[in-house]
K.L.:
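I have a structure I would like to understand better, so I am pasting it below and will then ask my questions one at a time.
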Protein chains: 2
Amino acid sequence: MPSSRKSPALGCLAGHVGFHLRLAQLAVFERFESRLGEIDVSPAIFSVLEVLHQNDGITQSTLAATVSLDRSSVVPLLDKLAKRGLVERRASTTDRRHNHLHLTDAGRELLAEATRRASEHEKEVCKPFTIAEKKLLLDLLGRFRKPRT
Amino acid sequence: MPSSRKSPALGCLAGHVGFHLRLAQLAVFERFESRLGEIDVSPAIFSVLEVLHQNDGITQSTLAATVSLDRSSVVPLLDKLAKRGLVERRASTTDRRHNHLHLTDAGRELLAEATRRASEHEKEVCKPFTIAEKKLLLDLLGRFRKPRT
DNA sequence: TATTGTTATACTCTATAACTATA
DNA sequence: TATAGTTATAGAGTATAACAATA
């Protein structure tokens, strides 16, 4: 039975995935910040570092597409990371329009620590799910993505 | 088998709910805007209008809590809606610190149209799911919310 | 003292459009 | 002409802190 102090009715919002996606992301990102804020790693920064680690020498536009950002949005992000000595931009020798991106040693070290913390975070945030449920959730979320391109 | 032009590896991001929540929300909100942008209704505005409709006379702070915003964030939002003639603020007679919020006739009319469009949007965006899967998804998303308070 | 709404302020995130340098 | 990165700029969205009115 509902608690005596009833909360306001949500109407059709209760059945809207967008509404629930926002609340879920809010809760998850908040806890991410509380664990990785200490080492100045935001969700966006973490995803960039990880993609760089997985794809050494990747180009800025490809990175942007991979994390679903505009290529212009990636510039100030990389500026910050370069200033912190975590990332290097090397002009391509074959096509001088491209920058190839590389993690520095410091970048790899920070990523290692960030990965440890992110993994704890993930464990905490997914406590309400069984392994099968989490797998299912990721599968369902993946279906929102645009079909092709 | 993978396409010949392979996309960059995501590493551990592929298993992180936060990463997938962001992509999903991005896709969903984008399509919401494409359907309701025409009538100048953003996801935030829609949720406010619907909560006001469900809870006539609700107070600003309660509204804010209901849609997970700070009470200061709700002020400029309501300013806009009031300026558009969709919402009224009436000072409470019993406790003059409170504003009681009400939809105007115009507000109800716009909400009706917005609800029609939102329902089409919801149908479109949930095409990849069966009824059972969508129900399950909402259930799973709900588990991220903080336990009590 | 505590609470509601407000203001002033600022910060983050992100995109668009135009520029440059290449190709 | 087209592309990669950059710049300048602007707009959302949101929060924090302090304030006035009220309780």
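All of these numbers come straight from a predicted model, not from anything done at the bench. Note: hydrogens, waters and symmetry copies are ignored here, and every other heavy atom, side chains too, is used. Note on naming: letters A, B, ... go to the chains in the order of the sequence lines (proteins, then strands), and numbering restarts at 1 for each one.
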K.L.:
Between B:Pro43 and A:Arg71, which has a closest nucleotide on DNA chain D that is more 5'?
P.N.:
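Result of the comparison: A:Arg71.
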K.L.:
Quick one: is B:Arg22 getting a side-chain N or O under 4.0 Å of the C:dT14 phosphate, OP1 or OP2?
P.N.:
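Checking B:Arg22 against C:dT14: at least one side-chain N or O falls below 4.0 Å of OP1 or OP2.
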K.L.:
To the nearest angstrom, how far is B:Asp70 atom CG from C:dA10 atom C1'?
P.N.:
14 Å
K.L.:
Look at all strands and tell whether B:Ser61 reaches a base, only sugar-phosphate, or nothing, counting heavy atoms closer than 4.0 Å.
P.N.:
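Sugar-phosphate contact only.
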K.L.:
Measure the distance from CD on B:Gln60 to P on C:dT3 and round it to the nearest whole Å.
P.N.:
17 Å
K.L.:
Can you confirm whether B:His53 is buried at NE2, in the sense that more than 12 heavy atoms of other residues, nucleotides or ligands lie under 6.0 Å from that atom?
P.N.:
no
K.L.:
With a 4.5 Å heavy-atom cut-off, do B:Arg145 and A:Leu23 have their side chains touching?
P.N.:
yes
K.L.:
Write down the distance between CG (A:Leu23) and P (D:dT14), rounded to a whole number of angstrom.
P.N.:
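After rounding, the gap between these two atoms is 11 Å.
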K.L.:
Establish whether the base of C:dT16 is bridged to the side chain of A:Ser72 by a donor-acceptor pair shorter than 3.5 Å.
P.N.:
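Side chain to base: pair present.
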K.L.:
Reckon B:Leu77 touches a base, only the sugar-phosphate, or nothing at all at heavy-atom distances under 4.0 Å?
P.N.:
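No contact.
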K.L.:
Nearest heavy atom decides the nucleotide; on that basis, is A:Lys80 or B:Leu78 closer to the 5' end of DNA chain C?
P.N.:
B:Leu78
K.L.:
Using ring pair (Phe, Tyr, Trp, His ring centres under 6.0 Å), reason through A:Phe144 and B:Phe129 one step at a time and then give a plain yes or no.
P.N.:
CA-CA 10 Å; A:Phe144 286 114; B:Phe129 310 114; 5.1 Å; yes
K.L.:
Would you mind reading off the distance between B:Leu69 atom CG and C:dG5 atom P, rounded to a whole angstrom?
P.N.:
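Taking atom P of C:dG5 as the reference, CG of B:Leu69 is at 14 Å.
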K.L.:
What integer distance in Å separates B:Glu33:CD from C:dT16:P?
P.N.:
12 Å
K.L.:
Is it true that B:Ser92 and B:Thr94 share a donor-acceptor pair across their side chains at a distance under 3.5 Å?
P.N.:
yes
K.L.:
Going by number, which of residues 88-102 of chain A have a non-hydrogen atom under 4.0 Å from DNA chain D?
P.N.:
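When residues 88-102 of chain A is checked for heavy atoms under 4.0 Å from DNA chain D, the hits, listed by number, are A:Arg89, A:Arg97, A:His98, A:Asn99.
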K.L.:
Where the side chain of B:Asp56 meets the backbone of B:His102, is there a donor-acceptor pair that is under 3.5 Å apart?
P.N.:
no
K.L.:
Which heavy atom in B:Lys134 sits nearest to a heavy atom in B:Cys126, and how many Å separate them?
P.N.:
CD-SG, 3.6 Å
K.L.:
Do B:Phe46 and B:Thr115 touch side chain to side chain, with heavy atoms closer than 4.5 Å?
P.N.:
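Contact flag for B:Phe46/B:Thr115 side chains = yes.
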K.L.:
Within this structure, what is the CD-to-C1' distance between A:Gln25 and C:dT14, rounded to whole angstrom?
P.N.:
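Rounded to whole Å, this separation is 13 Å.
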K.L.:
Between D:dA12 atom C1' and B:Phe29 atom CZ, what is the distance in whole Å?
P.N.:
13 Å
